[in-house]
2 protein chains.
Amino acid sequence: MVTSGKPQGAPEPAGESCRLPWPFDVYEAQCPTRMVLDRIADKWAVLILDRLRDGPVRFNHLRRDIKGISQKVLSQTLKKLERDGLLSRAVFPTVPVTVEYALTPLGRTLTDAVAAIAHWAERNMDAVLAAQAAYDARAGGDPG
Amino acid sequence: MVTSGKPQGAPEPAGESCRLPWPFDVYEAQCPTRMVLDRIADKWAVLILDRLRDGPVRFNHLRRDIKGISQKVLSQTLKKLERDGLLSRAVFPTVPVTVEYALTPLGRTLTDAVAAIAHWAERNMDAVLAAQAAYDARAGGDPG
DNA sequence: CAGAATCCTGTTAGATACTG
DNA sequence: CAGTATCTAACAGGATTCTG
């Protein structure tokens with residue numbers, strides 16, 4: 001048991017490092033925006049945030065929808081996103097217990113940008129695939 | 001329930017990859033969009049793409065601007081982004097050699113979304129920091 | 001159902017040194 | 001300047017097990 005009251009995933013001291021007045025600069029290594037960027041620039045976080053756009057979703061529902069995510073990673077990611085104030089967690093004392101996750105107002109301001117990323121991937125997949133094929137043909141099979 | 005109209009019944013033909021007719025679905029574990037999402041939902045990729053918005057930038061210039069990135073990671077990320085067709089690499093036979101990276105038209109369609117993420121982090125840093133503090137106070141030191 | 005704890009492994013990133 | 005190669009430490013993440 002290594003935790004001293006906090007989950008294993010987020011031992012970073014928040015806010016004390018970068019004392020830039022304003023605005024924050026993501027290009028600065030010590031700026032806290034880097035941490036946020038690292039959080040939201042994450043495949044699973046993107047999918048979760050996008051998934052919650054339609055409304056609250058239960059834990060196992062998210063797990064089923066976001067195919068390939070493990071329970072552990074889902075749990076961790078949800079916790080981090082909750083800590084960042086991007087989503088809220090509501091527990092209903094049913095039996096068995098029901099837990100719903102939903103976007104907070106702050107989270108909602110982000111999901112548009114995040115959804116844009118996900119949708120871009122879907123829309124431009126063909127072009128990316130073609131570019132990869134061209135690159136591989138160039139690098140792998142064309143010595144002369 | 002707001003289940004989106006997805007080609008859920010699409011049979012998985014072979015072990016190759018997801019060959020859904022259209023559109024690609026990022027929620028499918030085997031969909032190639034997952035790979036793209038993993039690529040562009042990356043802290044360094046976001047910073048690089050955003051940095052190239054103003055025009056071509058040389059390797060070491062990027063390295064200096066994006067503080068904290070190692071030359072190895074920069075090199076790797078650039079190569080992947082180039083392979084995906086998001087940016088181009090131009091070599092000038094000067095002495096010493098000069099290499100410029102620039103966004104491709106495809107990359108340019110992405111950078112707006114990507115920049116939105118980076119800018120969101122800068123603009124909403126305060127709110128996130130506050131949320132984290134509240135969460136930590138709740139979880140770490142407020143048993144009652 | 002929702003999640004925590006444990007174990008274990010593959011990937012990654014950082015540092016360092018070398019090349020053209 | 002613009003990389004590549006290598007080695008190692010750290011961590012992320014999957015599978016499994018257990019709980020309320």
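Letters go in sequence order (proteins before strands), and every chain restarts at 1. From a predicted model like this one, the values you see are computed outputs, not experimental measurements.
Rounded to whole Å, atom P of C:dT11 lies 18 Å from atom CG of A:D42. For the pair B:K80 NZ and D:dG3 P, the interatomic distance rounds to 16 Å; values are reported in whole Å. We find that CD1 of A:I66 is positioned 15 Å from C1' of C:dA2, with the value rounded to whole Å. Remark: C1' of D:dA5 and CG of B:L74 are 17 Å apart, rounded to the nearest angstrom. Counting to the nearest Å, the P atom of D:dG13 and the CG atom of B:D38 are 9 Å from each other. What separates CD1 of B:I69 from C1' of D:dG3 is a distance of 14 Å, to the nearest Å. Between A:R63 atom CZ and D:dT16 atom C1' the separation is 12 Å, expressed in whole Å. In this structure, B:R64 atom CZ and D:dG3 atom C1' are separated by 15 Å, rounded to whole Å.
Evaluated for a side chain to side chain contact (heavy atoms under 4.5 Å, CB included) with B:V26, the options A:H119, A:K43, A:E122, A:K67 yield exactly one hit, A:E122.
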**Request:** Please report the C-alpha distance between A:Q132 and A:L129 in whole Å, then the side-chain angles of each, then the deciding distance to 0.1 Å, and finally whether the side chain to side chain contact (heavy atoms under 4.5 Å, CB included) criterion is met.
**Result:** CA-CA 5 Å; A:Q132 287 179 351; A:L129 252 25; 3.8 Å; yes
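Of all non-hydrogen atoms in A:E100 and A:P56, the two that sit nearest each other are OE1-CB, 3.3 Å. Considering every non-hydrogen atom in both A:R39 and A:A45, the closest pair reads O-CB, 3.5 Å.
Between the side chain of B:Q71 and the base of C:dA15 there is no donor-acceptor pair of N/O atoms closer than 3.5 Å.
Dashed line: the shortest gap from a side-chain N or O of A:S75 to OP1 or OP2 of C:dA4 is under 4.0 Å.
Counting any heavy atom pair closer than 4.0 Å across all strands shown, B:Y101 reaches sugar-phosphate atoms only and no base atom. Using a 4.0 Å heavy-atom cutoff across all strands shown, B:K43 reaches no nucleic acid atom at all. Using a 4.0 Å heavy-atom distance criterion, A:R58 is classed as a sugar-phosphate-only contact.
Of the candidate nucleotides D:dG14, D:dG3, C:dA15, D:dG14 has the atom nearest to the side chain of A:S70. Taking only side-chain atoms of B:V73, from C-beta outward, the nucleotide of C:dC1, C:dG14, C:dG3 with the closest atom is C:dG14. In this structure, the nucleotide among C:dA13, D:dC1, D:dA2 sitting nearest to the side chain of B:K72 is C:dA13. Comparing D:dC1, C:dA13, D:dT4 against the side chain of B:K79 picks out D:dT4 as the nearest. Taking every side-chain heavy atom of B:R89 into account, D:dG3 is the closest of C:dA15, D:dG14, D:dG3.
Under the 4.5 Å side-chain heavy-atom criterion for ILVMFWY residues, a single connected hydrophobic cluster contains both A:V91 and A:L74.
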